[in-house]
Amino acid sequence: ALPILSVFIYILDQNDNIPVFLYPVPSSEYTVDHRIPQTFPVGYLVTKATAVDADSGHNAWLSYSLLQCPDPCLFKISPHTGELRAARVVQERENLTQKLLILVQDRK
């Protein structure tokens, strides 16, 4: 079996209506434990954060960003699609548990 890399994703809401996350489904503490292979290429799709908002029109458009990520960050997130991808390869001496904080915002 290949060694795995644990990625803990914390989801934070900072807008007027609470977004509803469709995927990944967070626990009651808004955390997700996501496991991926330890060896993966740059650009590897780790997961896709998907949320919806109760607002309408432009105010319902959501943007995704990484608010917290170990430096140098192993991942990047698409602000429009919520796709979390590998930004670089894992180094030998790197911690195999990564904690990320994903911020999802609407246009208020």
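Note that the structure is predicted; figures quoted are calculated from it, not measured.
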Practice task
Could you name each residue pair satisfying disulfide (SG to SG under 2.5 Å) that touches residues 36-71, not counting sequence neighbours?
Solution key: C69-C73

Practice task
Applying side-chain hydrogen bond (donor to acceptor under 3.5 Å, both in side chains), name anything that partners E94, two or more places apart in sequence or on another chain.
Solution key: R88

Practice task
Can you sort out the partners of T81 under side-chain hydrogen bond (donor to acceptor under 3.5 Å, both in side chains), two or more places apart, ordered by chain and number?
Solution key: S78

Handout entry: Heavy-atom side-chain proximity of R35 to D33 below 4.5 angstrom
Key = yes

Problem - Rounded distance (nearest 0.5 Å) linking atom CZ of R85 with atom CZ of F75 - result: 12.5 Å

Exercise for the section: Report the C-alpha distance between L66 and I102 in whole Å, list the side-chain angles of each, state the deciding distance to 0.1 Å, and finish with yes or no for side-chain contact (heavy atoms from CB on, under 4.5 Å). Expected result: CA-CA 5 Å; L66 286 176; I102 297 176; 3.8 Å; yes

Practice task
Would you name the heavy atoms of K76 and A86 that are closest together and state the gap between them?
Solution key: CE-O, 4.3 Å

Exercise for the section: Run through the side-chain heavy atoms of Ile, Leu, Val, Met, Phe, Trp and Tyr, join any pair under 4.5 Å, and report what else lands in V89's cluster. Expected result: V42

Problem - Heavy-atom closest pair, residues L45 and T47 - result: CD1-O, 3.4 Å

Completion exercise
With sequence neighbours left out, the residues meeting side chain to side chain contact (heavy atoms under 4.5 Å, CB included) with P79 are none

Problem - Distance, nearest 0.5 Å, that separates NZ of K48 from CG of L84 - result: 12.5 Å

Exercise for the section: Working to the nearest 0.5 Å, report the span between CG of L101 and CG of L67. Expected result: 4.5 Å

Handout entry: Any L74 side-chain heavy atom under 4.5 Å of F40 side chain
Key = yes

Handout entry: A51: partners by side chain to side chain contact (heavy atoms under 4.5 Å, CB included), with sequence neighbours left out
Key = P19, F21, L62, Y64, V104

